[in-house]
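This report refers to the structure that appears directly beneath it.
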Amino acid sequence: MTILVRLIYASKVAPNFGPMDMRDILQKSRHNNIESGITGLLVMSDGYFFQALEGDRMAVHTTYAKIMRDARHSRSVVLSASEIEKRHFTDWSMGYVLSTEKNRPLFMSYSADKYFEPLSMRAQAAESLLVEIGQHARQIGGTESLT
Ligand code: FAD
């Protein structure tokens, strides 16, 4: 039996991370996630990654286990992992959003500090922020593809 889940985590971007790394991650993610029925959204802001993975429980946890071992980031923290009724990101094998001037207010509306710091976010806030970021990206014409 397949069980639909959503896992949200945050992590710190590696110091030597560059645009080519992002391109590689998105290419690989989109290929792998289509194969395993995973959808989601990856956000990069203020030196942090912030990602939602949705799909079959086994597929999501297997993918997260691979992501956790990846040297292109560190200090990965699961903010939320729960069974869900439906997906939020059905249209994206892996959408990608970078924080910019346009979406900055969204990030800051969930921030106590002047910098966005997702590692200690509460589960509900993390999910709401990702949904809002996704909606904003759709309104302005889809997520940045970098591929
Ligand atoms: P291969 O591509 O054959 O890779 C084998 C090993 O080499 C893996 O351990 C991989 O981590 C490592 N590796 C490959 N290229 C590099 C590189 N340039 N630098 C350092 N190590 C490298 N993968 C997904 O499938 N879905 C996702 O949604 C997803 N999201 C990610 C989000 C973030 C923030 C990061 C950092 C990575 C993400 N990845 C994702 C990539 C994931 O960590 C693995 O690299 C990928 O899943 C491995 O794919 P593969 O099993 O086909 O192995």
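Here the structure is a predicted model, which is why all the values come from computation and not from measurement. Read the numbers this way: they start at 1 and go in the same order the structure lists the ligands and their atoms.
Considering backbone and side-chain N/O of Asn33, one or more are found under 3.5 Å from N/O of ligand 1. Geometrically, ligand 1 and Gln51 share a nitrogen or oxygen pair separated by less than 3.5 Å. For His73, no nitrogen or oxygen atom sits less than 3.5 Å from a nitrogen or oxygen atom of ligand 1, counting backbone and side chain alike. Every N/O-N/O distance between Thr63 and ligand 1 stays at or above 3.5 Å.
With a 4.0 Å heavy-atom cut-off, ligand 1 is reached by the backbone of Ile67 and by its side chain too. At a heavy-atom distance under 4.0 Å, only side-chain atoms of Met94, from C-beta outward, approach ligand 1. Counting heavy atoms closer than 4.0 Å to ligand 1, residue Ile38 contributes nothing at all. Contacts of Ala71 with ligand 1, taken as heavy-atom pairs under 4.0 Å, are absent altogether.
Near Tyr9, meaning under 4.0 Å from any of its heavy atoms, are these atoms of ligand 1: 32 (C), 33 (C), 34 (C).
Proximity of a side-chain donor or acceptor of Asn103 to a complementary backbone N or O of Leu98 within less than 3.5 Å is detected. With hydrogens and angles ignored, the 3.5 Å screen pairs a side-chain donor or acceptor of Ser109 with a backbone N or O of Leu106.
In this structure, Ile84 belongs to a hydrophobic cluster whose other members, linked by side-chain heavy atoms under 4.5 Å apart, are Leu4.
For Glu127, the side chain to side chain donor-acceptor pair (under 3.5 Å) partners at least two apart in sequence or on another chain are Arg6, His88.
Annotation: Phe107 is not in aromatic contact with Phe50 [ring centroid separation under 6.0 Å not met].
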